[in-house]
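Beneath this line is the structure, given in structure tokens, with notes to follow.
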Number of protein chains: 2
Amino acid sequence: MNHTTGAAEDYLKTIYTHTEWQSDLISPSALAVRLGVAPSSVTEMVKKLAASGLITHVPYGPLALTDAGRLRATAVVRRHRLIETWLVGEMGYDWDQVHDEAEILEHAISDRLLEAINTRLGFPAHDPHGDPIPAADGTVLRPPAVLLAEATVGHAGSVLRVSDRDPAVLRELAADLIGPGTEFTLAAALTIVLADGQSRLVTPAAAASIWVTA
Amino acid sequence: MNHTTGAAEDYLKTIYTHTEWQSDLISPSALAVRLGVAPSSVTEMVKKLAASGLITHVPYGPLALTDAGRLRATAVVRRHRLIETWLVGEMGYDWDQVHDEAEILEHAISDRLLEAINTRLGFPAHDPHGDPIPAADGTVLRPPAVLLAEATVGHAGSVLRVSDRDPAVLRELAADLIGPGTEFTLAAALTIVLADGQSRLVTPAAAASIWVTA
DNA sequence: GCCAGAATTTAGGCTCACCGAAACCCTGCT
DNA sequence: AGCAGGGTTTCGGTGAGCCTAAATTCTGGC
Ligand SMILES: [Mn+2]
Ligand SMILES: [Mn+2]
Ligand SMILES: [Mn+2]
Ligand SMILES: [Mn+2]
């Protein structure tokens, strides 16, 4: 009686990822924007997900996952990120090209194929963008992080993850050899110095996409 | 204006494969049985496919693909068979386990991913069951074939393909080390002698699933 | 040539996921 | 306190794709 369609999976996943690196709950309208659907469509799906016990929702209020919903959401996120990792690791994709393909395949592959991929990849802990890959039981290991745009000048650390929302940002950073694991010091707003002493000017869009060690 | 959904793709593919190894056109009711839908559902989809110029259909008559429809159909078949080949060749699946997964993935992977898979596999000409993999332009290389069940005693040749419809048959044949390429002589009805002199008794279901060189 | 039974189509309905327009609720600002 | 504007929900509709039940059409056997 609880099948969860591809559409519902995307709603759950988006509700989950919204609170992954920041703590405020998502609103129906923000969810509509992220999913590219009308607000009224969100209202409808929210009703169904709440009726299935996957989210909680007080009318006119924000959305929150229940434990059951969080488990479903992390299962989808796990698929999405393992697929992205596989596309980059084995299929010749660049990190700015994987998101759309994963967005579809995450609803199509079987558990068996997912585990075959996972095994081939050696059970990776992070996707190409540095996002943690949830374990099958829903466990997620997420270190404390700060947005580069909000870090104070002088902050030293390493890149934890880069949002994969904007492919242009990903290409920009790839050209600059910046990615998860890159060590740096924030020399000035939008200016980082890498371990080898080279400095890089990042765009505001990039600074708002890069999360670094706290 | 001509997107072809996953459902429509399955209709086209099934119409195509019905005539791949035998020459009679498929009827609406046979199509309904193969797809597991009601006959009235076929009538509806047939109307849409005919309106899109992908099939021809005279009321109460059989179904036939147009050139455009055949191209679409072979594109789906190409995906299906490349995916099956990949699952067996790289992902640890047995030949009786790939069909259902391919049935779904064939509608989900991008052209780019398909070609990446094709390249990794070295541009295979046949899937694990011996079925020809259509070229991107719709070309299919299919040798003359006879159903083993209909071959005359004394017929010598090799296995060309085994229908993947019945997993039990595939497991039976795998246990007997019979598959595409296997050379044999038909010693008696349901009894074949392999190249090494060993003889095998095949079930009627298997004999009705194995196509051999004419 | 007729007609019973099978195949096919039509008719009416259903669920899912979406939409725009209109109503409604809530909040923040005066 | 009052209210305007934005967020949210309600309402009526759409298109896919499926269903069952009731016509309708075709055909093989008499
Ligand atoms: Mn998705
Ligand atoms: Mn990612
Ligand atoms: Mn198959
Ligand atoms: Mn399919």
Side-chain angles (χ1 to χ4, degrees), chain A residues 1-15 18-19 22 24-65 69 72-73 76 100 103-108, chain B residues 1-15 18-19 24-65 69 72-73 76 100 103-104 106-108:
Chain A
M1 65 177 69
N2 247 342
H3 167 245
T4 15
T5 65
E9 287 181 349
D10 280 338
Y11 280 81
L12 292 172
K13 185 184 59 163
T14 304
I15 294 169
H18 183 264
T19 45
Q22 49 205 39
D24 62 313
L25 296 177
I26 195 168
S27 67
S29 58
L31 184 52
V33 170
R34 280 242 208 151
L35 290 171
V37 300
S40 54
S41 302
V42 170
T43 302
E44 264 184 31
M45 182 63 87
V46 157
K47 259 187 265 182
K48 279 189 256 184
L49 295 175
S52 302
L54 297 170
I55 66 175
T56 58
H57 178 234
V58 295
Y60 296 94
L63 310 170
L65 295 169
R72 293 291 178 89
V76 182
D100 292 350
E103 196 60 52
I104 294 175
L105 286 180
E106 66 191 356
H107 312 294
Chain B
M1 63 176 70
N2 249 342
H3 166 246
T4 17
T5 66
E9 287 183 349
D10 280 337
Y11 279 81
L12 293 172
K13 186 184 58 164
T14 304
I15 294 169
H18 183 264
T19 44
D24 61 312
L25 296 177
I26 195 168
S27 68
S29 57
L31 184 52
V33 170
R34 281 242 208 150
L35 291 171
V37 300
S40 54
S41 302
V42 170
T43 302
E44 266 183 29
M45 183 63 87
V46 157
K47 259 188 266 182
K48 279 189 256 184
L49 295 174
S52 302
L54 297 171
I55 67 175
T56 56
H57 178 234
V58 295
Y60 295 94
L63 309 169
L65 295 169
R72 292 293 177 87
V76 182
D100 292 351
E103 196 60 52
I104 294 175
E106 67 192 355
H107 313 294

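We name chains A, B, ... by the order of the sequence lines, and we start the count at 1 in each one.
Atom OH in A:Tyr11 sits about 14 Å away from atom P in C:dC16, given to the nearest Å. For the pair B:Leu35 CG and D:dC19 P, the interatomic distance rounds to 10 Å; values are reported in whole Å. Atom pair B:Glu9:CD and D:dG17:C1' shows a separation of 15 Å (rounding to whole Å applied). When the P atom of D:dG7 is taken as reference, atom CG of A:Leu63 falls 15 Å away, rounded to whole Å. The distance from atom CE of A:Met45 to atom P of C:dC19 is 11 Å, rounded to the nearest whole Å. Rounded to an integer number of Å, the gap from CG of A:Asp10 to C1' of C:dC16 is 15 Å. Following rounding to the nearest Å, A:Leu12 (CG) and C:dA17 (C1') show an atom-to-atom distance of 15 Å.
A:His107 places no side-chain N or O within donor-acceptor distance of the main-chain N or O of A:Val76, the cut-off being under 3.5 Å.
Close to C:dT15, at under 4.0 Å from its OP1 or OP2, lies no side-chain N or O of A:Lys48.
Considering CD1 of B:Ile104 and CG of A:Leu105, their distance stands at 12.0 Å, rounded to 0.5 Å. Within the model, atoms CG of A:Leu65 and CG of A:Leu12 stand 6.5 Å from one another, a figure rounded to the nearest 0.5 Å. Atoms OH and CG, from B:Tyr11 and B:Leu54 in turn, are 14.0 Å apart once rounded to the nearest 0.5 Å.
With B:Ile15 as reference, B:Leu31 is the one residue of B:Leu31, B:Val46, B:Leu25 to meet the side chain to side chain contact (heavy atoms under 4.5 Å, CB included) rule.
Side-chain atoms of A:Arg72 and A:Thr4 form a donor-acceptor pair, as typed in the model, at a separation below 3.5 Å.
Side-chain contact between B:Val42 and B:Val37 is present, with heavy atoms from C-beta onward closer than 4.5 Å.
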- Produce a footprint string for nucleotides 1-13 of chain C: one letter per nucleotide, 5' end first; B if the base is under 4.0 Å from any protein heavy atom, S if only the sugar-phosphate is, - if neither. -------BBB-B-
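Within 4.0 Å of B:Ala38, counting heavy atoms only, lies at least one base atom of the nucleic acid. Using a 4.0 Å heavy-atom cutoff across all strands shown, A:Gly6 reaches no nucleic acid atom at all.
Of all nucleotides listed (D:dG17, C:dC18, C:dA17), C:dA17 comes nearest to the side chain of A:Thr5.
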